[in-house]
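Below is one structure, written out as structure tokens; comments come after it.
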Amino acid sequence: MSDYNIIDLELTQLSGQTSQPPWKQENDEYREVVIVEGVPVLFKAHELNKSIEFSYEFPLNSDFHIKKSILDKKASEIFDLDFNLSKFYKYLNQDEKLAEMTSFCEGLRLFLAKDKFESILSSICSANNSIVRWTKSIDLIKEKWGKSYEFPSGTFYGVPSLDAIINSFEDDQEEFDNCDFPDISLCENNLKACGVGYRAPYMKKATEILSLEMDFGEISKMSYDEAFDTILKLPGVGPKVADCILLYGFNFREAFPSDVWIKRIVSHLYFEGKDIKVPKIREFGMEEFGDYAGYVQLYLFHYARRSGLMNELKK
DNA sequence: CGTCAGGTAAAAA
DNA sequence: TTTTTACCTGAC
């Protein structure tokens, strides 16, 4: 293996990309169930000398078998292993504003969706939220409405079906009104009980629209602009969330998700700290970085976090 | 207790 | 069209 496909697995897992919550960590492995050709497979990833290795499990009492090469290909897609990092680093080094980033984010890669619906729920849930909270919420949602799978390594939960979310209750009250619990405090099978707050109706309505009017395959085939305008129609999806969905969920690498932090960082690096509006930052990022926009956004954020620039910009 | 967090939708200017 | 404001929730 040449050194271009290095990865920092832990950094990539914990970087808060809204394709999905981090996989379940057990010793030095990260594990999660991935549906491949309709078959649930437990993917186990671990890092060895900056490269990543995978092993797989099939459900107990099943006779599924899928070729390792097919599973490896899927794993490689999720961790974006075909992306040439050293070429990207050469690109960053050409811009003195960006050159310093590589030393803080070495091996950081896109963590792409294993399930597009999961990336949409995650992205909506992440809006005006903290990483810990939205990832906890999505994990809870999967435990409550996702199918459970038994592997030699334990139980894992898949992503709920669209119908499961559409039929879910939004809050304690709605659940209480529709069930025969004696006390409302017993209600916990509802979206708000997963800690999603006011995003509950967004998640439900967005899922209804996805189910009735949108097709993941169609969105994948669209141009970036067309796809952006399309998913912007989903409730709870503004420009930032739309770009997250397109980048982490649909692999539109030209997306430059722009939030308040990216705004501060880009303003600091490229506009002498002037207060540039978020939509302008987004335009700038897309024009300046082209197909690298998604990666530059990812690196900018973690560079700022790790270098201390973020604390500096807080003031 | 008040403030804040990786925005959005709805109201107001 | 652009700029404020309210908003679940849990952590400090």
Side-chain angles (χ1 to χ4, degrees), chain A residues 11-22 105 108 110-111 119-141 168-175 184 187-188 190-209 228-249 255-269 275-283 285 293-315:
Chain A
L11 176 57
T12 300
Q13 279 288 312
L14 304 181
S15 55
Q17 302 181 52
T18 63
S19 53
Q20 59 207 295
C105 310
L108 175 60
L110 279 179
F111 183 32
S119 76
I120 294 174
L121 289 181
S122 298
S123 300
I124 292 176
C125 196
S126 75
N128 193 26
N129 208 341
S130 70
I131 297 175
V132 229
R133 217 177 97 213
W134 76 254
T135 56
K136 202 179 288 177
S137 292
I138 297 298
D139 281 335
L140 276 172
I141 286 172
S168 68
F169 300 122
E170 277 181 23
D171 52 26
D172 288 354
Q173 191 60 54
E174 193 185 355
E175 184 180 351
I184 193 167
C187 295
E188 48 184 30
N190 61 78
L191 287 171
K192 275 203 181 178
C194 299
V196 305
Y198 56 77
R199 303 161 193 84
Y202 298 159
M203 295 169 90
K204 249 183 98 162
K205 282 176 198 149
T207 305
E208 283 169 13
I209 296 174
F228 184 81
D229 292 341
T230 302
I231 60 169
L232 211 50
K233 292 177 190 144
L234 297 172
V237 176
K240 156 68 169 36
V241 170
D243 274 332
C244 283
I245 293 173
L246 291 182
L247 176 60
Y248 305 121
F256 191 73
S258 302
D259 53 38
V260 53
W261 280 113
I262 292 300
K263 165 201 158 115
R264 288 173 188 159
I265 298 162
V266 171
S267 297
H268 170 76
L269 289 176
D275 180 43
I276 314 286
K277 299 283 175 272
V278 172
K280 286 284 170 200
I281 297 285
R282 173 172 173 266
E283 280 175 37
Y295 258 95
V296 172
Q297 191 270 6
L298 186 60
Y299 272 61
L300 280 173
F301 185 74
H302 292 282
Y303 158 69
R305 221 157 77 146
R306 290 184 143 193
S307 69
L309 174 60
M310 201 168 260
N311 287 327
E312 200 179 307
L313 294 177
K314 256 180 197 168
K315 297 164 197 168

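All of these numbers come straight from a predicted model, not from anything done at the bench. Just so we're on the same page: letters track the sequence lines, and every chain starts at 1.
- You'll find that the side chain of A:C244 is closest to B:dG6, out of B:dG6, C:dT3, C:dC8.
- Atoms CD (A:Q297) and P (B:dG6) sit 13 Å apart, rounded to a whole Å.
- Sequence neighbours left out, the pairs with a member in residues 126-135 of chain A that pass side-chain hydrogen bond (donor to acceptor under 3.5 Å, both in side chains) are A:N128-A:Y198, A:N129-A:R133.
- If you check every strand for non-hydrogen atoms under 4.0 Å, A:V241 touches sugar and phosphate atoms only.
- No side-chain donor-acceptor contact under 3.5 Å links A:Y303 to the backbone of A:C105.
- Contact annotation for A:S15: base contact, defined as any heavy-atom pair under 4.0 Å involving a base atom.
- With P as the reference atom, B:dG6 and C:dT2 are 27 Å apart, rounded to whole Å.
- Look at CZ on A:R133: it is 10 Å from P on C:dA11, rounded to the nearest Å.
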> Can you give the dot-bracket line for DNA chain C, where a pair is Watson-Crick or G-U wobble with both atom distances under 3.5 Å, crossing pairs use [ ], and | marks a partner on another strand?
Replying inline: |||||||.||||
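- On the P atoms, C:dC8 is 14 Å away from B:dA11, given to the nearest whole Å.
- One can place CG of A:L234 at 12 Å from P of B:dT8, the figure rounded to the nearest angstrom.
- Considering only the side chain of A:K192, C:dT9 comes nearest among C:dT9, C:dC7, B:dG6.
- At a non-hydrogen distance threshold of 4.0 Å, A:Y198, A:Y202 from residues 197-208 of chain A come into contact with DNA chain B.
- Closest-nucleotide positions on DNA chain B for A:S130 and A:L232 were compared, and the one nearer the 5' end corresponds to A:S130.
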